[in-house]
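The structure under discussion appears below in the form of structure tokens.
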Amino acid sequence: MQIVENKDKFREALLSWYLREKRDLPWRNTSNPYYIWVSEIMLQQTRVDTVIPYYERFIARFPTMESLVEADESDLLKMWEGLGYYSRVRNLQSGVKEVVENYGSEVPASRKEISELKGIGPYTAGAILSIAFGLPEHAVDGNVMRVISRLLLIDDDIAIPRTKRIFENVIMDLIDQEDPSSFNQGLMELGATICTPKPKCLLCPVREFCLAFNEGRQEEFPVKTKKVKMKVVPVASFAMRNEKNEWLLRKRSEKGLLANLWEFPMIELASLQTPKELARVECDIELTELLSFKHVFSHLTWDLTCYTGLIQGDHKIPDGYHFFSNKEVEELPKPVPVLKIWDEVKQQLTGNDGK
DNA sequence: AAACCGGGGCT
DNA sequence: AGCCCAGGTTT
């Protein structure tokens, strides 16, 4: 049975499955557009199970758009700590501020207006419009492209940006006018649970409509060209304390990777000299190796070794560096690799206390 | 169009 | 070790 000739039957099959099987997620118990907005930003490139606790904490801490507008950036980053893509929360606050100031705290319900808000692109616009306002708008993400490419045997390369337009046009033709929210969420739910990269077609509620399944070619879709391999960057990091047991950290640049988060000083290793030798020669500081690990980003890998040591007497501290007490370090927003180092430092401290 | 931007789970 | 994920912004 082909979709193009049986759109109503396809909608019925998808919606009845979704309404019967949908997972009970926190953001599905609200129609507050701001809450839907928060959930969609968190869900960008991030799995549902990861998002749930962050969403609960965020809504409890910032229950209204006005409360979010008033927050300091450091508080925002602390709420987002460990979630990644930290600009998302800065853009979210910026967008919410626009709504509070320019729309009387009412999220605009048109694609044109909502798309002008910071951090809201074509997908998120469609998701909020359909889920919060019940409007028949497309919300095409990676899940939807995978599902639709299989249903209709669309073999265009989804790595090419303009390919997304093809899928948006399909959705606008196929979307259920009575319940666009459940239709869009049904497609996403299908992609997340059944029409996965390794699809579970025997469980699929719409497999009789699926051209790829009928040909046994479901694993050939979607067509996506490969990316180049990332590079590995050797990095040395230094967890240094002074004689008052305060730790030396610095705030990262306001632009680029991990913007405005805090870290123990670190350098990319270009020198032939080992950090240990360098510190002894240049600063008369003895370092001991604390731990090593790899941290994988989407585009590069840090091969990181962390050293620790004691700074005694007079040393010139460069601009942007500060000493913090244990409690203060705890409160700074830190990316995951720095959290790992800090956990190791704390374990060492605990071990010493226990003796 | 391509590069940049985190982190974790799955296979 | 590679792939993918409820993407958007900047260049």
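Only a predicted model underlies this, so the values are computations on that prediction, with no experimental measurement involved. Just so it is clear: chains get the letters A, B, ... in the order the sequence lines come, proteins before strands, and each one is counted from 1.
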>> Over 60° means perpendicular and under 30° means parallel, so tell me whether A/Tyr307 and A/Phe238 are parallel, tilted or perpendicular.
In response: parallel
> Angle class for the A/Phe264/A/Trp342 ring planes (parallel below 30°, perpendicular above 60°, tilted otherwise)?
Replying inline: tilted
>> Holding to side chain to side chain contact (heavy atoms under 4.5 Å, CB included), I want the full list of residues that pass it with A/Ala132, two or more places apart in sequence or in another chain.
In response: A/Pro33, A/Ile36, A/Ile128
NA contact type, [X], heavy-atom cut-off 4.0 Å: base, sugar-phosphate, or nothing?
X        : answer
A/Leu25  : base
A/Ser39  : nothing
A/Ile120 : sugar-phosphate

> Heavy atom of residues 152-163 of chain A under 4.0 Å from DNA chain B: which residues?
Replying inline: A/Pro161, A/Arg162
Can you tell me how far [atom1] in [N] sits from the matching atom in [M], rounded to whole Å?
N     : M      : atom1 : answer
C/dT9 : B/dG8  : C1'   : 23 Å
B/dG6 : C/dT11 : P     : 15 Å
C/dA6 : B/dT11 : P     : 14 Å

In whole angstroms, how far is the [atom2] atom of [N] from the [atom1] atom of [X]?
X        : N      : atom1 : atom2 : value
A/Glu254 : C/dT10 : CD    : P     : 13 Å
A/Ile41  : C/dG8  : CD1   : C1'   : 8 Å
A/Arg165 : C/dG7  : CZ    : C1'   : 18 Å
A/Leu187 : C/dA6  : CG    : C1'   : 12 Å
A/Lys255 : B/dC4  : NZ    : C1'   : 11 Å
A/Lys164 : B/dA1  : NZ    : C1'   : 14 Å
A/His138 : C/dG7  : NE2   : C1'   : 14 Å
A/Met145 : C/dA6  : CE    : P     : 12 Å

> Reading nucleotides 6-11 of chain B from the 5' end, what letters show protein touch, with B for base, S for backbone sugar-phosphate only, - for no heavy atom under 4.0 Å?
Replying inline: BBB---
>> Is there a side-chain contact between A/Lys22 and the phosphate of C/dA6, meaning an N or O under 4.0 Å from OP1 or OP2?
In response: no
> Start at the 5' end of DNA chain C and walk down; is the nucleotide closest to A/Gly142 or to A/Pro197 reached first?
Replying inline: A/Pro197
Side-chain ([X]) to main-chain ([Y]) donor-acceptor, under 3.5 angstrom:
X        : Y        : result
A/Lys334 : A/Leu332 : yes
A/Thr30  : A/Trp27  : no
A/Asn6   : A/Lys9   : no

> Do A/Trp247 and A/Phe323 make the cut of ring centroids closer than 6.0 angstrom?
Replying inline: no
> Under 3.5 Å, is there a donor-acceptor pair linking the side chains of A/Tyr123 and A/Glu40?
Replying inline: yes
> Between the side chains of A/Arg11 and A/Ser182, does any donor sit under 3.5 Å from an acceptor?
Replying inline: no
> Under a 4.0 Å N-O cut-off, is there an ion pair linking A/Lys340 with A/Glu344?
Replying inline: no
